[in-house]
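Some notes on the structure that comes next.
Proteins get letters first, then strands, A, B, ... in listed order; numbering begins at 1 in each.
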2 protein chains.
Amino acid sequence: MSRRDVRDTPRPAPTPTTEGQRTVADTTAPPPSVSGGSRRPVPPQSRYGNRPTMKDVAARAGVGLKTVSRVVNAESGVTPDTERRVREAIDALGFRRNDSARVLRKGRTASIGLVLEDLADPFYGPLNRAVEEVARAHGALLINGSSAEDPDREQELVLALCARRVDGLIVIPAGDDHRYLEPEMAAGVATVFVDRPAGRIEADVVRSDSFGGARAGVAHLIAHGHRRIGFIGDQPRIHTATERLRGYHAAMADAGLPVAEGWVALGSTAPERVRAAAEAMLEGTADEAVTAVFTGNNRVTVTVVRVLAGREHPVALVGFDDFELADLLHPGVTVVAQDAATLGRTAADLLFSRLDGAGGAPVQVVLETRLVPRGSGEIPPERGRE
Amino acid sequence: MSRRDVRDTPRPAPTPTTEGQRTVADTTAPPPSVSGGSRRPVPPQSRYGNRPTMKDVAARAGVGLKTVSRVVNAESGVTPDTERRVREAIDALGFRRNDSARVLRKGRTASIGLVLEDLADPFYGPLNRAVEEVARAHGALLINGSSAEDPDREQELVLALCARRVDGLIVIPAGDDHRYLEPEMAAGVATVFVDRPAGRIEADVVRSDSFGGARAGVAHLIAHGHRRIGFIGDQPRIHTATERLRGYHAAMADAGLPVAEGWVALGSTAPERVRAAAEAMLEGTADEAVTAVFTGNNRVTVTVVRVLAGREHPVALVGFDDFELADLLHPGVTVVAQDAATLGRTAADLLFSRLDGAGGAPVQVVLETRLVPRGSGEIPPERGRE
DNA sequence: GTGAAAGCGCTAACAT
DNA sequence: ATGTTAGCGCTTTCAC
C-alpha cells in the first residue's frame with residue numbers, strides 16, 4: 001500500500017479536516033525505468049532517487065558522455081543523426097540535467113538571493129516580483145528569505161545564500177553592520193542593498209528619498225494650516241525611520257514651527273504601540289495636542305487610520321508609502337508614495353550589470369517619491385484649535 | 001579606479017536619479033588574502049572568485065582535508081587543539097563551505113521550490129511567509145517563482161527547480177495537466193499542490209473549501225432577501241473559479257431561485273473586464289438587474305468595490321477571500337475568508353513529512369472557510385426591486 | 001564530429 | 001584522533 005516506506009504511521013494529513021482522501025488507484029507506477037539499455041547491473045542506489053545521469057544516457061545511446069553534454073547544452077558539432085539518438089535516450093530515460101553538478105563545475109549558480117524583511121508585507125510584493133522578472137530575464141532563479149527585521153537572522157540567511165554560492169545578493173538590511181559581508185563581496189558575490197544603505201561597508205544602494213519625501217509630506221500638512229503635527233515612525237535603528245524623522249524636522253524648521261516633546265514617537269510598528277502613541281499625541285491640552293499626523297510607513301499608517309476612524313474630530317494624516325485601497329477609505333489617505341517595483345527592478349538591473357562585469361565604485365541610486373493627495377492630508381485644523 | 005574590470009563603460013547607475021554618487025574612499029581592499037600560508041604557488045585562478053577551499057584550509061592548518069570537514073560539520077573526533085588551529089585557518093582565509101559541492105555529494109539540496117501565481121499578489125504573501133517559516137525550521141532554503149498564471153511558464157519554472165534538484169516542490173498550479181511532473185515525482189521530488197488540485201496526476205493537495213465557502217456566501221445574501229444575485233469570477237480553467245461558481249449555483253438552487261443568463265461572468269480578473277461585467281449585471285430592467293454580487297476572489301472584489309463606490313443605489317456584496325482594510329471601507333466588505341497562512345503551513349508540513357519518509361496514498365486536505373460579515377453583505381435589496 | 005581524462009569542492013568509506 | 005582514497009554528475013581540455 002504505502003509508497004516508499006513501511007512505517008505504519010498512517011499520518012495521512014496534518015491537523016486540518018481531511019476531505020475526500022480519495023483512495024487513489026495507485027501511485028506506485030514503477031519509476032521511469034532507469035534500467036533500459038544501460039548494461040551496468042544497477043549502480044549502488046545513487047542519491048537523487050537514482051535518476052539517470054549523462055553517463056546513463058550515453059550508454060543507452062551508444063555514444064560518449066561528452067556528446068550527450070553537447071546535445072543537452074545545444075552545442076554545435078553533433079550530427080543530426082547522433083543528436084536524434086541521444087534525444088531518444090534522454091526521453092526514454094526521463095533524463096534531466098543535474099544543475100548541482102553543473103554549478104560546481106561552472107562556478108556560477110545562475111541564482112540570486114533576495115533577503116527582505118517580511119515576505120508577507122504587501123510593500124515588498126511588487127519589489128519581490130520586479131526582482132524576479134529581472135532574474136528571469138537573465139535566466140537566474142530567485143532564492144528568497146525574510147529577516148524578520150532581525151540582524152542575526154539577516155546574517156544567517158545571507159551567509160547561507162553565500163554558501164550556496166548565489167551569484168548575487170539583494171538585501172534589504174535589517175542590521176546596521178554588514179562587515180560580515182566583506183569577505184564574500186571580495187570573493188565576488190555582487191551585492192546591492194535596497195531601501196536602506198549598508199552598514200559600515202561601501203556597497204551599491206538603491207533607495208527612495210526618505211528625507212525629501214517626508215519633508216514634502218509634512219510641508220503639505222503645514223501648507224494646509226497645521227502647526228502642531230505628530231510623527232510616528234519605525235524603530236530608530238532603521239535608517240529610513242530616522243531619515244523620515246529628519247525630513248519631518250526639516251519641514252517644521254523650514255516653517256519656523258517648534259516641535260513639542262510628545263509629538264515624536266519612534267519605535268516598534270506593533271499596532272498597540274502605534275495606537276498608544278497616536279492617542280497620546282491626540283490628547284492633551286489644546287496647544288499641546290496635534291491636529292495632524294505624519295506616519296513613517298504603511299504599517300503605521302494603517303494603524304493610525306484605524307485610530308482616527310474611531311474619533312469624532314477629524315485629524316489630518318499623511319503617510320509614507322502607498323497602499324492598496326488607500327483611495328477608497330473615507331477620507332482617502334494622502335501618501336508619500338515610493339515605487340517599490342522600480343526599487344526592485346533598479347536594484348536587480350544594477351546587480352546584473354555588476355555580474356556582467358560593470359566595475360566602478362559603489363553607487364547610490366535615489367528614487368524620487370511622489371505626494372498623492374487623497375483627502376486625509378488636506379483636512380484643515382479644527383476651528384479654534386489651529 | 002575601477003574594481004574588477006577595465007572596460008570604461010562608466011554605467012554607474014541605471015535610469016533613475018543618481019544622488020550622492022558618494023565617491024568612495026576605495027573599495028579595492030585586497031581580497032582577504034587567499035594567499036596566507038598555503039605553499040602552493042596560487043592555483044590556476046579557480047572559479048568562485050578564487051575562494052579558499054577545504055584543501056586550502058587543511059594546508060594552512062597543517063591537517064588533513066577530512067579533519068577540516070569534521071570541524072566544519074561539527075563532527076566528533078577532533079582534539080580541541082586541532083579544532084582551534086583549523087578554526088584559525090578558516091577565519092584567516094575567510095573560508096565558507098561550498099554547499100554546491102556538498103549538495104552534489106549528499107544528494108539533498110536542503111531547498112524547496114514554491115511556484116505561485118504572482119509574488120506581488122497580497123493573497124500569497126502570508127502563504128509564502130508560512131512556507132518559508134516551515135522551510136526554515138527544517139533548515140531548508142526557499143526558491144520562489146511566479147507562473148503568472150501561464151501553464152507554460154509554470155512548467156518551465158518547475159522543471160528548472162527540478163534541475164536544481166530541489167528536495168520538494170509546492171505548486172499553486174496554473175495549468176491543468178501536470179503529467180510532465182510524473183518522472184520527477186517518481187524520481188523522488190516530493191510535490192504538494194496548493195489552492196487547486198493537480199491536473200491529470202495523483203498528488204497531495206491542500207486547498208480551501210471553495211464550493212462550500214461560495215455556497216455559504218451566496219446563501220448569506222439570499223438570507224438577507226436577495227433573489228437576483230450576480231457572480232463574477234476568474235477564468236473557468238482555474239479550478240477554484242468553477243468550484244466557487246458551483247457553490248453559487250448550489251445556493252441558488254437550494255433556495256429555489258433561478259439564475260438568469262447575464263448574472264454569471266467568468267473570465268480574466270483584469271479591472272476593465274470585471275468592471276464591465278459588474279456594470280452589465282447591475283443595469284437592465286428591474287427584474288433582470290441583480291441586487292447583490294458575489295465575487296470569486298480578492299482581485300475581483302476590489303474592483304467591484306470600486307464600481308459600487310461610484311453608484312447611487314446600494315448593492316450588496318460578498319467576496320471570496322479576505323483582504324486588508326476590508327473592514328475600514330464603507331460599508332465594510334463581507335467576505336468568505338480563507339486562511340492563506342494555514343494553507344501554506346499545512347502544505348509545507350505535509351511536504352516535509354513526505355521528505356521525512358511518510359508514505360501512503362496522496363492526500364487531500366481541505367480547509368474550511370469562514371464567513372465574515374462586515375456590512376456589505378447585509379445590505380437588503382432596494383425597496384421595490386426585491 | 002567525437003570521446004577520454006581530469007577535476008570542480010565536498011563527503012563517505014575506509015585506512016591508519 | 002586523523003588521513004587517504006574514491007567519486008557525486010557535470011564541463012573543460014585536449015586528443016583523435
Side-chain angles (χ1 to χ4, degrees), chain A residues 34 38 40 43-59 61-86 90 93 95-110 162-165 187-188, chain B residues 34 38 40 43-59 61-86 89-90 93 95-110 162-165 187:
Chain A
V34 177
S38 173
R40 282 178 315 157
Q45 188 66 311
S46 93
R47 53 268 320 110
Y48 301 119
N50 70 67
R51 278 161 163 280
T53 72
M54 280 191 180
K55 200 171 160 192
D56 298 323
V57 174
V63 300
L65 177 55
K66 177 62 203 180
T67 300
V68 177
S69 173
R70 286 197 179 93
V71 171
V72 169
N73 295 300
E75 285 169 28
S76 59
V78 182
T79 307
D81 184 60
T82 345
E83 169 162 357
R84 190 185 44 71
R85 275 163 51 225
V86 171
I90 287 175
L93 261 35
F95 168 82
R96 186 109 45 213
R97 179 180 67 198
N98 184 335
D99 278 353
S100 291
R102 173 168 227 247
V103 152
L104 178 60
R105 191 63 242 245
K106 299 203 72 146
R108 281 220 167 176
T109 56
C162 290
R164 293 298 170 94
R165 297 296 189 266
Chain B
V34 175
S38 175
R40 280 181 314 156
Q45 187 67 312
S46 93
R47 53 262 326 106
Y48 301 120
N50 70 64
R51 280 162 163 280
T53 71
M54 281 191 180
K55 201 171 160 191
D56 298 323
V57 174
V63 301
L65 178 55
K66 179 65 200 181
T67 300
V68 178
S69 173
R70 285 197 180 92
V71 171
V72 170
N73 296 300
E75 285 169 28
S76 60
V78 182
T79 308
D81 185 60
T82 345
E83 169 162 358
R84 189 187 42 71
R85 276 165 47 227
V86 171
I90 287 174
L93 261 34
F95 168 82
R96 186 106 47 213
R97 180 181 66 198
N98 184 334
D99 278 354
S100 291
R102 173 171 227 250
V103 152
L104 179 60
R105 188 64 242 237
K106 299 202 72 145
R108 281 224 167 173
T109 56
C162 289
R164 293 298 170 92
R165 297 297 190 266

Using modelled atom types only, decide if a donor and an acceptor are shared between the side chain of Thr109(A) and the backbone of Arg165(A) within a distance under 3.5 Å. yes
When you measure from the side chain of Thr53(B) to the backbone of Lys55(B), do you find a donor-acceptor pair of N or O atoms at a distance under 3.5 Å? yes
Can you tell me how far [atom2] of [N] sits from [atom1] of [X], to the nearest Å?
| X | N | atom1 | atom2 | answer |
| --- | --- | --- | --- | --- |
| Arg85(B) | dA1(D) | CZ | C1' | 12 Å |
| Leu65(A) | dC14(D) | CG | P | 18 Å |
| Arg102(A) | dC8(D) | CZ | C1' | 17 Å |
| Leu104(B) | dG9(C) | CG | P | 12 Å |
| Asn98(A) | dC10(C) | CG | P | 17 Å |
| Arg165(A) | dC10(D) | CZ | P | 21 Å |
| Lys55(B) | dT5(D) | NZ | P | 12 Å |
| Arg105(B) | dA6(D) | CZ | P | 13 Å |

Hits for salt bridge (Lys or Arg N to Asp or Glu O under 4.0 Å) against Arg102(A), two or more places apart or cross-chain, chain-then-number order -> none
Check the phosphate of dC10(C) against Lys106(B), side-chain N and O only, distance under 4.0 Å to OP1 or OP2. Yes or no? no
Of Asp99(B) and Thr67(A), the one whose nearest nucleotide on DNA chain C sits closer to the 5' end is Thr67(A)
Partners meeting side chain to side chain donor-acceptor pair (under 3.5 Å) with [X] (sequence neighbours left out):
| X | value |
| --- | --- |
| Arg70(A) | none |
| Glu75(B) | none |
| Arg96(B) | Glu184(A) |
| Arg85(B) | none |

Between dA6(D), dT12(D), dG9(D), which one does the side chain of Lys66(A) approach most closely? dT12(D)
For Leu65(A), the side-chain contact (heavy atoms from CB on, under 4.5 Å) test, sequence neighbours excluded, returns Met54(A)
Going through the distances and angles, do Asn73(B) and Arg97(B) end up as a side-chain hydrogen bond (donor to acceptor under 3.5 Å, both in side chains)? CA-CA 10 Å; Asn73(B) 296 300; Arg97(B) 180 181 66 198; 2.4 Å; yes
Considering the terminal five base pairs at each end of the helix from dG1(C)-dC16(D) to dT16(C)-dA1(D), what angle separates the two local helix axes, rounded to 10°? 40°
Let's see if you get this right: which residues in residues 68-84 of chain B place a heavy atom under 4.0 Å from DNA chain C? Ser69(B), Asn73(B)
